[in-house]
Participant: 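Below are the structure tokens for one structure; questions will follow.
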Amino acid sequence: GDVVLVVAGGGPEAERLKAEVMKKSKANLDIWFLDFIPRKEVIALRKAAAVNLAPMGGYSLIEACASGRPTVAYDVQWHGELIENGKSGFLVREGDVVGLIKVIERLLDDPVEAEKIGLAGREKAFALHDFEIVWKIRSTVYQDLLEVAACR
């Protein structure tokens, strides 16, 4: 009764996902399904969350870590570059829902650890994905491409 699961985003599978979750949900859990929401609202949700869950990350994993709140994700693709398990977030074997739940419960039960891990995740996110740094790198790459193309 004290946990709310907020699912933000949308897409072609959103309604089917919502129907499936509601049909299979046996827990007494308050679930909110939000469609696409403005970026500022996503940031506010991430910062307000006790735990951010981003199992199949992408940009949302970076955003979750940057919020300063603890993040839990599947151990797939490049997630280990951003999340050092148990230090800047938690990685769980892909498909291990029980593992996700255990880590979330651990973080909810230990707000001091949650705070420490959230701050470490934020530091790592900004160290690896700071907007200004990434923009400069992209700008240099595009400039180099244009120069090579001009020489041909």
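When a residue number appears, it is its place in the shown sequence, counting from 1. Predicted model, so just to flag it, every value in this text is computed and none were measured.
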Participant: Heavy atoms only: give me the nearest Ala50-Leu108 pair and the separation to one decimal.
Facilitator: CB-CD2, 3.6 Å
Participant: Closest approach of Ala73 and Ala54, non-hydrogen atoms and distance?
Facilitator: CB-O, 3.2 Å
Participant: In the single-linkage hydrophobic clustering (I, L, V, M, F, W, Y; side-chain heavy atoms under 4.5 Å), do Leu107 and Leu45 co-cluster?
Facilitator: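 No, Leu107 and Leu45 fall in different hydrophobic clusters.
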Participant: Measure the NE2-CG distance between His79 and Asn85 for me, rounded to the nearest 0.5 Å.
Facilitator: 13.0 Å
Participant: List for me each residue that meets side chain to side chain donor-acceptor pair (under 3.5 Å) alongside Glu105, sequence neighbours excluded, and say none if there are none.
Facilitator: none
Participant: Does a side-chain heavy-atom distance below 4.5 Å link Ile104 with Phe90?
Facilitator: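 Side chain of Ile104 against side chain of Phe90, heavy atoms only: no contact under 4.5 Å found.
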Participant: Calculate, to the nearest 0.5 Å, the distance between atoms OG and CG belonging to Ser139 and Asp144 respectively.
Facilitator: 9.5 Å
Participant: Considering residues at least two apart in sequence or located in another chain, which fulfil the salt bridge (charged side-chain N to carboxylate O under 4.0 Å, His left out) criterion with Glu115?
Facilitator: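 Listed in chain order: Arg69.
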Participant: Just wondering, do Ile83 and Leu61 contact through their side chains at under 4.5 Å, heavy atoms?
Facilitator: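 Yes - at least one pair of side-chain heavy atoms lies under 4.5 Å apart.
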Participant: Let me confirm one number: the SG-CG distance from Cys151 to Leu146, rounded to the nearest 0.5 Å.
Facilitator: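 Output value for this atom pair is 11.0 Å.
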Participant: Provide the closest heavy-atom pair for Ala125 versus Cys65 in the form atom of the first, atom of the second, distance.
Facilitator: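 Heavy atoms of Ala125 and Cys65 come nearest at CB-CB, 3.8 Å.
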Participant: Kindly work out whether a path of hydrophobic side-chain contacts (I/L/V/M/F/W/Y, heavy atoms less than 4.5 Å apart) joins Met56 to Val51.
Facilitator: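 Hydrophobic grouping puts Met56 with Val51.
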Participant: So if you build clusters from Ile, Leu, Val, Met, Phe, Trp, Tyr with side-chain heavy-atom gaps below 4.5 Å, do Val103 and Ile101 land together?
Facilitator: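 Same cluster.
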Participant: Is there a path of hydrophobic side-chain contacts, each under 4.5 Å between heavy atoms of I/L/V/M/F/W/Y residues, joining Tyr59 to Leu53?
Facilitator: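 No; tracing contacts between hydrophobic side chains, which count when under 4.5 Å, never links both residues.
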Participant: Provide the closest heavy-atom pair for Leu91 versus Tyr74 in the form atom of the first, atom of the second, distance.
Facilitator: CD2-O, 3.6 Å
Participant: Would you give the length of the straight line joining atom CG of Asp110 to atom NZ of Lys116, rounded to the nearest 0.5 angstrom?
Facilitator: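 Rounded to the nearest 0.5 Å, the CG-NZ separation comes out at 9.5 Å.
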Participant: Where do Lys124 and Leu82 come nearest, in terms of heavy atoms and distance?
Facilitator: CG-O, 3.2 Å
Participant: Provide the closest heavy-atom pair for Arg122 versus Gly68 in the form atom of the first, atom of the second, distance.
Facilitator: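 Nearest heavy atoms, Arg122 then Gly68: CB-CA, 3.8 Å.
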Participant: Under a 4.5 Å cut-off applied to non-hydrogen side-chain atoms, are Val21 and Leu5 in contact?
Facilitator: no
Participant: If you group Ile, Leu, Val, Met, Phe, Trp and Tyr by side-chain heavy-atom gaps below 4.5 Å, do Val3 and Ile31 land in one group?
Facilitator: yes
Participant: For a quick test of your reading: what N or O donor-acceptor pairs under 3.5 Å do the side chains of residues 9-20 make, sequence neighbours left out?
Facilitator:
| unit_1 | atom_1 | unit_2 | atom_2 | d |
| --- | --- | --- | --- | --- |
| Glu13 | OE1 | Arg16 | NE | 2.7 |
| Glu13 | OE1 | Arg16 | NH2 | 3.0 |
| Glu20 | OE2 | Lys24 | NZ | 3.1 |

Participant: Nearest 0.5 Å, what's the CD-NZ distance between Gln143 and Lys136?
Facilitator: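 Going from the CD atom of Gln143 to the NZ atom of Lys136 covers 15.5 Å.
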Participant: Please indicate whether Trp78 has more than 12 foreign heavy atoms, meaning atoms of other residues, nucleotides or ligands, lying under 6.0 Å from its CH2.
Facilitator: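 Yes, enclosed.
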